[in-house]
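Residue numbers run from 1 in the order of the sequence given.
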Amino acid sequence: MKKIYLLIVVAVMAVISVQAQTNLTGRVYYHPNIMASVFEQGLDIDAKIAEARKNNIAQKEKEKGRKLTKEELAEIDKTVAETKQQMMIAKKCITTAMTVEFTSPTDVVVRQKTKVDDNAMKTMGVSWLKRKAMKAALAVMPESEKMKYEVKGNKVITIDGKDRDTLTLSTDGKTLSGKVDNKTKFILKRTK
């Protein structure tokens, strides 16, 4: 009889423990600049530029029917250096802070605050009109979105109409990670 009672107590404690782990109400996860993570993981600038340089040289040599001269290679390298500098500036000019707040056992609010550094855009040579258009587009984007969620193990599935995104909760509950695409992921740290 005592064994059955002990088994029931253990089972109840296990259920309570599992429920406590999956109730995310009140938790807040944050990252100050997801775009930096996206650029660092998903956009290997040096590799992309090296590949573009190689393809450009091959195309020019095919067009000319000969190997390129030192002067022609220097011209390509100058363009490559300028392109790399512009990409590095672009990496720095857009920041997107993200906050995920679980407001109830079924509701989550996702906030994104995107900022564009006007001076960096000027340095890149982006015209005044394009900078204004970008700012106007960002101004009409919603900064927060409320949606439903469900928890399955360590997976948190956000539900926005027909769209579903899966986030992964770390075993200690301190981080929440997601993917932009198959190669690029981001990690939000728990603040509350």
Looking at every heavy atom in both [X] and [Y], which two are closest together, and how far apart are they?
X	Y	answer
R66	T69	NH1-CG2, 3.9 Å
D117	N119	OD1-N, 3.0 Å
K185	I187	CE-CD1, 4.3 Å
R111	S144	CG-CB, 3.5 Å
G178	L167	CA-CD2, 3.7 Å
I34	F186	CD1-CD1, 3.8 Å

[atom1]-[atom2] distance between [X] and [Y], expressed to the nearest 0.5 angstrom:
X	Y	atom1	atom2	result
K189	S170	NZ	OG	11.0 Å
I76	N56	CD1	CG	4.5 Å
N33	T95	CG	OG1	5.0 Å
E101	K192	CD	NZ	6.5 Å
Y29	L188	OH	CG	9.5 Å

Mind checking side chain to side chain contact (heavy atoms under 4.5 Å, CB included) for [X] and listing every partner two or more places apart, or none if nothing turns up?
X	result
E61	I57, K67, L68
T96	M35, I94, Q112, T114
T171	none

Heavy-atom distance under 4.5 Å between the side chains of [X] and [Y], does that happen here?
X	Y	result
T168	K155	yes
V109	E145	no
I159	M147	no
V108	T103	no

Residue pairs, two or more places apart or on separate chains, that pass ring pair (Phe, Tyr, Trp, His ring centres under 6.0 Å) and touch [range]:
range	answer
residues 49-83	none
residues 91-119	F102-Y149
residues 106-138	none

Holding to salt bridge (Lys or Arg N to Asp or Glu O under 4.0 Å), I want the full list of residues that pass it with [X], two or more places apart in sequence or in another chain.
X	value
K148	D107
E143	K113
E51	none
D77	R53

message = For K174, give me all partners under side-chain hydrogen bond (donor to acceptor under 3.5 Å, both in side chains), at least two apart in sequence or on another chain.
response =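 If we apply the side-chain hydrogen bond (donor to acceptor under 3.5 Å, both in side chains) test to K174, skipping adjacent residues, there are no hits.
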inquiry  = By the salt bridge (charged side-chain N to carboxylate O under 4.0 Å, His left out) test, which pairs, at least two apart or in different chains, include something from residues 157-167?
reply    = E150-R164
message = Assigning hydrophobic clusters by single linkage (Ile, Leu, Val, Met, Phe, Trp, Tyr; side-chain heavy-atom cutoff under 4.5 Å), is V151 placed with V28?
response =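 No, separate clusters.
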Connected via hydrophobic side-chain network under 4.5 Å: L169 and Y30 =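 Looking at the clustering, Y30 is in a separate group from L169.
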Test salt bridge (charged side-chain N to carboxylate O under 4.0 Å, His left out) applied to D118 and K130, K132, K135, the passing residue =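 Of K130, K132, K135, salt bridge (charged side-chain N to carboxylate O under 4.0 Å, His left out) with D118 is met by K135 alone.
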key: E72 and K60 ion-paired at < 4.0 Å   =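 No salt bridge links E72 with K60.
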